[in-house]
Every structure is written in structure tokens, then in C-alpha cells.
Amino acid sequence: MSMQKMPEDYEAVLPKLYMLHAKEGKKETEFYLVMKRMIDIFFSALGLLILLPLFGLVAILIKLEDPKGKVFFRQNRVGKDEKQFPMYKFRSMVSNAEELKENLLAYNEVSGAMFKIKNDPRITQIGRFLRKTSIDELPQLWNVLLGHMSLVGPRPPLPEEVAQYTEYDKQRLTVTPGCTGYWQVNARNSVGFDEMVQLDLTYIHIRSTRLDLKIIAKTGLMLLGSKDAY
């Protein structure tokens with residue numbers, strides 16, 4: 001029995017098949033990004049509206065403890081493609097916290113290009129509560145509405161942290177940063193920098209609308225407080 005002969009244009013068809021699959025993959029990615037932005041706009045706008053009374057209460061408490069300091073803390077962070085943007089938080093530290101940081105670098109409790117101290121002496125009493133419940137992060141909903149951030153994604157690092165990044169680490173800067181993410185709901189501060197990068201890159205490769213919604217829901221439960229939050 002003779003072997004059936006392949007069509008003469010078989011090799012010419014292959015590139016078209018690969019191109020078709022590539023286009024389908026691109027469409028899926030574009031659809032995901034559109035859905036992600038729609039979810040970001042809807043939930044950030046709704047959240048800012050619903051949480052307005054809470055924002056007012058927190059502002060009063062912050063001012064009562066430290067009248068001289070500002071209610072909101074504005075800090076430059078590095079976002080997608082290494083572009084910097086101003087990120088907002090409720091101020092949870094004393095007004096001169098950044099000046100005192102230099103004297104505390106030796107007490108850093110997180111490995112790699114991050115700075116965290118569990119019992120940071122710069123944190124105010126109301127600030128400790130805000131951090132424990134993650135309420136201090138809520139003003140970042142404004143960043144989400146503006147498009148600087150997404151609800152879900154790798155946390156935006158400080159410029160001085162990025163200065164210590166390797167090319168491998170910088171892969172986490174290829175997507176829009178988030179208020180919460182795969183790392184936060186799976187490990188929080190219980191892992192070092194290398195493990196955090198690995199979890200962020202895992203998210204980037206497997207992210208989907210379903211996963212984002214799952215992370216958002218899990219983050220909502222964690223707002224009640226976590227032993228790893230500081």
C-alpha cells in the first residue's frame with residue numbers, strides 16, 4: 001500500500017494555522033484586559049461611594065492623634081513598564097516617618113528588595129489598627145479608578161527597591177500593579193522577596209477573570225484582620 005501523499009501546499013498552510021492560533025490567543029488576552037478594566041472601574045467607583053462615611057471617620061481619628069500630619073500619605077511607586085505614579089494611603093505613621101526610615105534599615109525583617117518591620121516604632125496607634133485591617137490601603141481605589149493600578153496584580157514597589165531588581169525580578173513590572181494579588185492572599189508577609197516574585201510571576205502566567213474575582217473575594221475576608229498583616 002502506497003503512503004498517501006501530503007498536499008503540496010501543506011508547508012504553506014502551517015504558518016497560517018500558527019498565525020490563527022496566535023490571533024485567537026491575542027483576542028483572549030484583549031478580552032481579559034477589557035473585562036479587567038471594566039471590573040476595576042465598577043468596583044473602585046462603587047467602593048469609593050460606599051466607603052465615603054468610613055473615610056470621613058478615619059480622617060477624624062488620624063487628625064485627633066496627630067493634628068499636624070496629613071490624612072493621606074502620597075508616595076511614588078513603580079507601575080507597569082517601570083513608569084512611576086503617586087500612590088495613596090491613609091497615613092498610618094508619624095509625619096516624619098520617611099526621615100526616620102534610614103535609622104531603621106538595619107532592623108528590616110523581610111529579605112530582598114523590601115522593607116518591613118513588624119513592630120515599626122513609627123506607626124501610630126490608629127495606624128496600627130488601619131494596617132491590621134488593611135483599611136489604610138483603601139484610598140488606592142482612587143488609583144484604580146485613574147488606571148494607575150488594578151484591583152488585582154503585583155504590589156507596586158518603591159523606586160529604590162526597583163533599583164535593586166534583577167532583570168528576572170523586573171518581570172513583575174510587565175503588568176499593571178494591584179491593590180491585592182496572588183501573593184497577598186496566599187502568603188502575605190510570611191515569605192521573602194524571592195518567593196514573592198515567584199508568586200507574582202505565577203499569577204501573571206495564569207491570570208484570568210475568574211482568578212481575579214476569587215482573589216478579590218478572598219481579600220474581602222482578610223480585611224477582618226490577619227496575623228501576617230503589618
Side-chain angles (χ1 to χ4, degrees), residues 29 32-44 46-48 51 75-90 92 110-116 130-159 161-162 164-166 168-230:
T29 301
Y32 163 71
L33 292 177
V34 170
M35 285 297 297
K36 186 178 182 69
R37 184 58 187 151
M38 289 176 63
I39 291 171
D40 284 346
I41 293 173
F42 175 77
F43 281 109
S44 61
L46 182 64
L48 287 169
L51 295 170
Q75 187 179 54
N76 280 347
R77 295 290 181 121
V78 181
K80 182 180 179 182
D81 299 327
E82 301 186 46
K83 294 180 180 178
Q84 294 190 27
F85 67 93
M87 190 185 79
Y88 299 94
K89 286 186 178 185
F90 279 120
S92 60
V110 182
S111 63
M114 289 191 297
F115 178 76
K116 289 277 187 178
L130 295 178
R131 285 183 169 220
K132 188 70 176 178
T133 56
S134 295
I135 292 175
D136 66 316
E137 309 279 358
L138 292 179
Q140 288 161 42
L141 289 173
W142 179 246
N143 286 117
V144 174
L145 193 60
L146 293 176
H148 298 149
M149 297 175 64
S150 175
L151 290 173
V152 181
R155 287 295 294 166
L158 293 164
E161 293 174 342
V162 175
Q164 303 176 53
Y165 277 17
T166 63
Y168 179 81
D169 300 333
K170 287 182 179 180
Q171 291 180 86
R172 68 188 299 272
L173 303 176
T174 59
V175 299
T176 303
C179 296
T180 185
Y182 194 72
W183 161 55
Q184 286 85 347
V185 299
N186 285 287
R188 199 81 190 241
N189 292 316
S190 61
V191 298
F193 176 75
D194 292 338
E195 290 84 357
M196 179 203 72
V197 171
Q198 191 56 54
L199 287 170
D200 281 340
L201 296 186
T202 297
Y203 165 75
I204 290 173
H205 284 97
I206 66 173
R207 60 185 184 151
S208 64
T209 301
R210 181 179 179 181
L211 178 60
D212 284 354
L213 292 174
K214 184 177 180 180
I215 291 173
I216 292 171
K218 196 170 181 180
T219 300
L221 296 176
M222 291 175 65
L223 285 176
L224 295 175
S226 169
K227 63 183 177 62
D228 292 326
Y230 59 88

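Distance check: L213 CG to S208 OG gives 8.5 Å after rounding to the nearest 0.5 Å. The structure places OG1 of T202 at 12.5 Å from CZ of R172, a figure rounded to the nearest 0.5 Å. Put simply, CG on L130 and NZ on K89 are 11.0 Å apart, with the number rounded to the nearest 0.5 Å. Residue K218 holds its NZ atom at 10.5 Å from CG of L211, rounded to the nearest 0.5 Å. Atoms NZ and CG, from K36 and D40 in turn, are 6.0 Å apart once rounded to the nearest 0.5 Å. Distance CZ/R37 to CZ/F42: 14.0 Å, rounded to 0.5 Å.
Other residues, nucleotides and ligands contribute over 12 non-hydrogen atoms within 6.0 Å of the NZ atom of K170.
Residues H148 and P156 are not in side-chain contact: their nearest non-hydrogen atoms beyond the backbone lie 4.5 Å or more apart. No side-chain heavy atom of L146 sits under 4.5 Å from any side-chain heavy atom of F85. For the pair N76 and M87, the minimum side-chain heavy-atom distance is 4.5 Å or more. Between W183 and P154, the closest side-chain pair of non-hydrogen atoms is not below 4.5 Å. Residues L33 and T176 fail the side-chain proximity criterion, which asks for heavy atoms closer than 4.5 Å. At a threshold of 4.5 Å between non-hydrogen side-chain atoms, the residues I41 and L145 count as touching. Counting heavy atoms from C-beta outward, V144 and S150 have side chains that stay 4.5 Å or more apart. Contact check for F90 versus S92: no side-chain heavy atoms found under the 4.5 Å cut-off.
D200 places no side-chain N or O within donor-acceptor distance of the main-chain N or O of Y182, the cut-off being under 3.5 Å. The backbone N or O of E137 lies less than 3.5 Å from no partner atom in the side chain of S134, so there is not a single donor-acceptor pair.
Side-chain contact, D212 with T209: no donor N or O sits under 3.5 Å from an acceptor N or O. In the model, Q198 has a side-chain atom that pairs as donor or acceptor with a side-chain atom of Y168 under 3.5 Å.
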Practice prompt. In sequence, state the C-alpha distance, the side-chain angles, and the governing distance for C179 and M149, and then conclude on side chain to side chain contact (heavy atoms under 4.5 Å, CB included).
Written response: CA-CA 7 Å; C179 296; M149 297 175 64; 4.0 Å; yes
Practice prompt. Test L173 against Y165 for side chain to side chain contact (heavy atoms under 4.5 Å, CB included), laying out the working first.
Written response: CA-CA 10 Å; L173 303 176; Y165 277 17; 4.2 Å; yes
Discussion item. One pair to check against side chain to side chain contact (heavy atoms under 4.5 Å, CB included): L201 and I204. What are the steps and the verdict?
Written reply: CA-CA 5 Å; L201 296 186; I204 290 173; 4.0 Å; yes
Worksheet item: Stepwise, does the side chain to side chain contact (heavy atoms under 4.5 Å, CB included) test hold for T219 with L151?
Response: CA-CA 10 Å; T219 300; L151 290 173; over 6 Å; no
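Here the closest heavy-atom approach between residue V162 and residue P157 is recorded as CG2-CG, 3.4 Å.
With respect to R155 and E161, no salt bridge is recorded, no charged nitrogen being found less than 4.0 Å from a carboxylate O.
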